[in-house]
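Predicted model only: the values in this text are computed from it and were never measured. When reading the values below, keep in mind they use all heavy atoms of this one structure, side chains included, and skip hydrogens, waters and symmetry mates. Numbers restart at 1 for each chain; the letters A, B, ... are given by sequence-line order, proteins then strands.
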Amino acid sequence: MTGYRKLDKWLGVLVALHVVIACGGFFAPYDPVEQDREHSYVRPMRLHLVDRQGNIHVRPFFYPLRPSEGSVNQYDEDTGRPISLKFFTSGASYKLLGFLPVRLHLFRADGARIYLLGSDGYGRDQLSRILYGGQVSLLAGLLGAGITLSIGLGIGAVAGYYGGWRDDVLMRLAELFLALPWLYLLFALRAFLPLAVSPLEAFLLIVVVIATVGWARPARLVRGVVLSAKERDFVRAARGFGASDSYLFRRHVLPETSSVLLTQAAILIPQYVLAEMTLSFLGLGVPEPVASWGNLLANLQQYSVLMSYWWMYLPALAVAPFFMGYLGLAAALEERADSLKMGSWSREV
Amino acid sequence: MARILEVRNLSVGYLSQTDEMCPAIVNVGFDIGPGEILGVLGESGSGKSTLAASILRLLPANGRVQQGIIRFEGRDVVQLDRRELENIRGRRIAMIDQEPSIVLHPTMQIRDQVGEILRRHERLPRRFRRERTGQILAELFPTESERIADSYPHELSGGQRQRVLIAQAIACRPSLIVADEPTASLDATTEREILAVLLSLRQKFGLAIILITHSPLLLAGVADRVLVLYAGRVVEIGPTTPVLASPLHPYTGALLQCLPQPLGRTDRGKRKTKLPVITGDSPGLISLSHGCRFEPRCPDRFETCRQREPPAVSVGNGRTVSCFCFGG
């Protein structure tokens with residue numbers, strides 16, 4: 001039972017994290033591409049509850065910034081003008097989950113922009129960009145993993161169930177794909193295509209490329225499960241009662257692959273998010289101005305940014321809880337699969 | 001009497017890893033009339049299960065029917081294509097397996113495991129199918145069929161699971177049931193119960209049953225006729241009572257000698273009697289000998305036995321023996 005509790009815990013964590021990203025528009029105070037050239041490389045601002053005079057405010061407030069005299073990208077707090085945050089108010093319009101037009105935001109500041117996680121060189125809000133960038137990166141991971149698992153399931157099932165020359169051909173192909181260094185394959189594929197493609201095209205391209213490269217491992221695992229599933233005694237017995245191949249496949253073989261597929265999904269999704277980040281970091285992925293976790297980190301390619309503005313590392317930190325979540329989920333799934341194996345599935349002797 | 005199953009000259013072998021053919025049963029022939037129970041007696045490796053599997057064409061991937069005819073209800077099973085076979089399996093010929101704990105699906109309710117067979121072979125509206133399933137289970141579990149229907153296999157005892165397998169087998173009212181050691185995993189009292197169930201079903205539905213076993217005791221009073229297999233050959237076939245009471249073939253005789261004496265009849269207190277055994281080992285599948293397979297272990301062997309295999313000789317009263325002691 002502890003296996004299930006662990007599974008529930010990690011699932012809960014992951015669902016919460018994904019909801020935050022999916023509803024990024026609500027949590028983000030600004031549009032991710034909205035620029036403010038007056039405030040480039042603003043360091044993360046502080047929220048206060050007590051002002052300089054010692055008065056306690058009910059709403060958190062911040063002091064707006066004005067550029068320091070005689071220096072670049074240095075700002076002073078305008079302590080005479082505290083600005084309070086307003087919660088659950090309407091602001092800039094955005095599309096919730098990509099299609100619902102909504103104006104409601106978690107918080108908003110009137111009179112000056114607030115940068116809770118700092119701003120980048122164009123004065124774009126980092127918090128907003130991390131949230132919106134997460135949508136792109138996570139969607140790439142989820143879609144990619146979905147496609148990979150479908151391909152892997154199809155190929156692995158055919159190879160395992162029918163065996164013979166189909167098995168040989170498909171598994172040798174899988175070994176070929178396992179041996180390919182995927183990053184260089186991606187480079188090569190990307191090199192064939194025009195340099196300037198629309199963000200959507202670029203997004204679909206990397207998803208498809210990542211997904212088609214990775215099918216070999218799940219296919220091999222599925223094949224193994226199918227091989228053992230089709231030899232089970234109740235499958236043999238069902239055949240004796242007139243069950244056809246397609247029935248045995250649907251009813252007895254496919255359900256057994258589910259635990260392998262789930263574990264693989266928990267491993268593949270973060271791996272594919274990372275692949276998207278790698279590509280975008282290298283400029284082969286989703287192009288500016290669209291935010292993704294990868295091209296947010298691309299700013300760090302400039303030495304001055306790397307050395308001077310520590311908050312530009314924050315997107316990397318944002319990724320960590322997601323990866324931890326998926327890692328925990330994969331472990332919990334595996335634990336559950338093991339406990340099932342030792343429990344009701346065991347043969348009685 | 002019309003025959004529902006005729007097996008003629010059936011030879012089945014297994015391909016080894018090195019593509020050699022290992023014969024498992026050779027030139028087996030017998031037939032069964034409607035409602036008849038044929039006991040197939042043989043030790044491990046004698047080809048009992050291969051015989052059972054080849055009747056339904058359920059041999060493992062490397063199994064091959066080399067020659068012979070298996071005529072069931074007028075059609076040769078050996079010649080049928082896959083679709084025709086699937087329509088016969090479970091509908092006209094059903095199989096009862098020896099390990100009910102592993103052939104039932106662990107996460108399906110009994111109701112569904114029986115209902116699926118009806119769904120496969122009979123077009124019935126869902127409601128009628130449920131009703132039929134209930135009736136079938138009621139045949140096997142007169143008092144608690146509802147509770148059994150809602151159970152999962154792990155909630156049932158070994159005997160109950162075996163009854164579920166029988167329910168599956170009779171679901172579509174087949175004319176022949178192949179029961180491959182149906183009581184192998186049961187204790188002695190449950191064994192008797194299951195046999196009684198089989199007998200009553202035979203009475204009720206006119207089922208013919210091939211009852212495969214290694215225990216002669218099981219067949220007494222149950223089977224109408226007995227077929228004794230040794231190393232893939234039929235050594236003796238005939239009505240149960242005379243075969244068990246006065247076996248003709250030396251192997252049948254030796255086999256019956258090996259039965260442990262009931263406690264009351266041993267010389268209790270005098271000395272411990274040793275369990276009699278047939279000396280020597282049962283032969284492997286590949287043998288270089290041209291003679292009778294039982295010759296190396298046979299107490300009555302003579303020169304001819306080593307030179308060629310004995311043909312089947314009819315000795316009257318429906319009995320047939322393959323032994324040179326009776327001519328040939």
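- Screening B/I210, B/I166, B/I170 for a side-chain contact (heavy atoms from CB on, under 4.5 Å) with B/I177, the sole residue that qualifies is B/I170.
- You'll find the ring centres of A/Y326 and A/H18 inside the 6.0 Å limit.
- Taking a 6.0 Å sphere around CZ of B/R132, one finds it holds more than 12 heavy atoms contributed by other residues, nucleotides or ligands.
- At a 4.5 Å heavy-atom cutoff, B/R83 makes no contact with chain A through either its backbone or its side chain.
- Only the side chain of B/R119 comes within less than 4.5 Å of a heavy atom of chain A; its backbone N, CA, C and O stay farther away.
- Note: B/D97 leads B/D97, B/I88, B/L56 in heavy-atom pairs under 4.5 Å with chain A.
- Comparing B/L104, B/I93, B/L85 by heavy-atom pairs within less than 4.5 Å of chain A, the highest count is held by B/L104.
- A/A238 does not touch chain B: none of its heavy atoms, backbone or side chain, sits under 4.5 Å away.
- Heavy-atom pairs under 4.5 Å with chain A were tallied for B/H121, B/M108, B/E116; the largest tally goes to B/E116.
- Cation-pi geometry between A/R166 and A/Y162 is met: under 6.0 angstrom from the ring centre, within 45 degrees of the axis.
- Cation-pi geometry between B/R120 and A/Y247 is not met at under 6.0 angstrom from the ring centre and within 45 degrees of the axis.
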